[in-house]
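Here is the structure we will look at.
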Amino acid sequence: MSATPSRPTFIYGLWLISQFELNRLFRTRRGLMLIFAFAMSWLLLLKYPIYQAAGILSNPNYFNDFFQLSQAINLQYLLAWPYPELAIYWLIAAFVFPLTCVFFASDQLASDHSRGTLRFISLRASRNQLLFGRFLAQVIITLSLIILTVAAALTMALARDPSSLMEAAQQLLLITTNLLVICLPFIALMNLFNCIFKSSRLSVTATVIAIPLLSSLIGLMTLGSPALAQLLVILPGQQLTNLVQADAMSSPYSAILPLAQTIGYLALAQQIFSRRAL
Amino acid sequence: MTPIIQCHDLNKSYGSKQALNQVSFTLEQQPHGATALVGPNGAGKTTLFNILANYQRASSGQVTIFGHAPHSDALLGQISSLPQDALLDPAFTIGQQLSFYAKLQGYDHKSANDETHRVLELVNLSEVVNQRPTSLSHGMKKRVAIAQALIGTPKLVLLDEPTAGLDPASARQVRSLIADLSDQAHFIISSHNLSELEQLCHTVLLLEQGTLSQQLIGQVNNNAVQHISLQLVTSSNNELLTVLKQLPGLLTLNPEQKSRLHIEYDATQAPRFDRQLLDCLYQHKIEYRQISKGKSLEQQLFE
């Protein structure tokens, strides 16, 4: 056997695991096909709903109508944005990206677990490195996808009016940061479900069923005791409607709930994964 | 010196089924080490392997490896394993995955690639480095899995059925590899091939129904009663048995199979019994295939 190298630090081991997962998406045929499908979906979203809606919004003849409508649904802050493309993009992405995350992050551990590949990795990396390394990879992937789509929306906006780029810079940063924060608990929830279920499909199914089911259940319970509405904080995405409607994007308080949910899900995942048979 | 493994009252149950029951043993450091883990199907061998490799936790009891609990980070890279039924990721090539494992053990990019080539060379599979696991046969996959267990400098290598499903030449190569490397790492081998374990292992742990029933340590038998196994070319017959029974010092002569005899003799009465036996075979022109002194592992375990 060869000379003994020194064991990598926790952070470097975690990064190696993340890097391998990034290669899975960006350097394998299946991963590239997934990105292609994602890009095509967003191309359609950008070309039809976003481009068309932005065209109507930027028309001064309809401004008063839109102003009244946006006031009614608490979206008037979006009318102040220099590019309506970014405003429509934000409204759509805030609800589409969590769903995208559920699918992209659905196989953080499940396939490797059912195949037994985790047994090879766990001899060289701690379970915490494995769990958090896979989570970190999904966060980087999500951030890349957000940047990709934001850049596409901006390109579309600049094609119409290149003069307000500097004014849009703040919105670009806010959109990117907020979308990532919105997605974090969904990625962490998939990480948790991957520690419970041996299949990515089951993890997706559980998410799709559990969130609305628990939400309805808590809703019913509040009929008896309104204080139980507080339980909704355990579900990801609860802050979404308020965040989009109330121009809370620039408030750091809007990040508290999703960040707390992320930490909660990851802590639970860590407890389960550290005891789980591989 | 810290023992390699110390198990004390180890229990593991799956629901109502008790897979391991109060298993206790100590495996001391040995200069040339390989330990056999034997037992019938369902005896708990794989469960014990899984606990040692930290794939699962014991229900109760204590286990330490080189003084650390199995889930301790201090053991990362120190223990390697060939798990049963574990497969590599079909999305990546063999080289990419082994190189990744080497990096996790502390190798830089270049030395990880060198290490990958070295371990694949050990199992005679250098040519598969750029292939995906799905393109390999069962035996090749197994040899690649053995190669991953040899990355770096593990101190303890757990091999669950390392030669099961391999062709005879590959199985021989794996045995030879284990024999060559057993002075650098301690191997624990689970197998149903007792003659293979006999060749490689110094210590034997026998698990039966989750209970450790025997721990045999290889040692020279200095007792007066000695044993010889004689494998003949042809089947034994009454005439041959009569001839052999006349040998001085012979205590018992048991035909185990048609062509295999187990001889028990008194070494104090006949210190050169083995030589007399050979002379007898020569004089009576009896062709033999193999003579081995001492009880075989099979005889030790099951008689």
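What you see below is based on every heavy atom in this structure, not just the backbone, and it leaves out hydrogens, waters and symmetry mates. Residue numbers start from 1 in every chain, and the chains themselves are labelled A, B, ... in the order their sequence lines are given, proteins ahead of strands.
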(message) Would you call the rings of A/Phe120 and B/Tyr101 parallel, tilted or perpendicular, taking 30° and 60° as the class edges?
(response)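 Answer is tilted, since the angle falls between 30° and 60°.
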
(request) Please look at B/Asp180 and chain A and tell me whether the side chain, the backbone, both or neither of the residue comes under 4.5 angstrom of a heavy atom of that chain. (result) neither

(message) Is B/Gln78 close to chain A through its backbone or its side chain, or both, or neither, when contacts mean heavy atoms under 4.5 Å?
(response)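 Nothing of B/Gln78, per the 4.5 Å heavy-atom cut-off to chain A.
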
Are the side chains of [X] and [Y] in touch, meaning some heavy atoms are under 4.5 Å apart?
X: B/Gln105; Y: A/Leu123; result: no
X: A/Leu118; Y: B/Tyr55; result: no
X: A/Ile17; Y: B/Phe100; result: yes

(message) With a sphere of 6.0 Å drawn around CD of B/Gln209, does it hold more than 12 non-hydrogen atoms of other residues, nucleotides or ligands?
(response) no

(message) Heavy-atom count check: over 12 atoms from other residues, nucleotides or ligands less than 6.0 Å from A/Met33 CE?
(response)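 Open: at most 12 neighbouring heavy atoms sit under 6.0 Å from CE of A/Met33.
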
Which region of [X], side chain (C-beta onward) or backbone (N, CA, C, O), has a non-hydrogen atom less than 4.5 Å from a non-hydrogen atom of chain B, or is it both or neither?
X: A/Ser122; value: both
X: A/Arg30; value: neither
X: A/Asn128; value: neither

Can you tell me which of [options] forms the most heavy-atom pairs within a distance under 4.5 Å of chain A?
options: B/Leu88, B/Asn54, B/Ile79; result: B/Leu88
options: B/Gln148, B/Lys103, B/Arg57; result: B/Gln148
options: B/Ser111, B/Ala91, B/Gly106; result: B/Gly106

(request) Would you mind telling me which of A/Arg29, A/Gln19, A/Gln129, A/Arg115 has the largest number of heavy-atom pairs within less than 4.5 Å of chain B? (result)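 Option with the greatest count: A/Arg115.
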
[X] versus [Y], closest heavy-atom pair with distance:
X: B/Gln56; Y: A/Arg127; value: N-NH2, 4.5 Å
X: B/Ala86; Y: A/Gly116; value: CB-O, 3.5 Å
X: A/Arg7; Y: B/Leu76; value: CD-O, 3.5 Å
X: A/Phe20; Y: B/Gln97; value: CZ-CG, 4.1 Å
X: B/Leu104; Y: A/Gly13; value: CD2-O, 3.9 Å

(request) Using atom types as modelled and distance alone, determine if a side-chain donor or acceptor of A/Ser126 lies under 3.5 Å from a backbone N or O of B/Asp73. (result) no

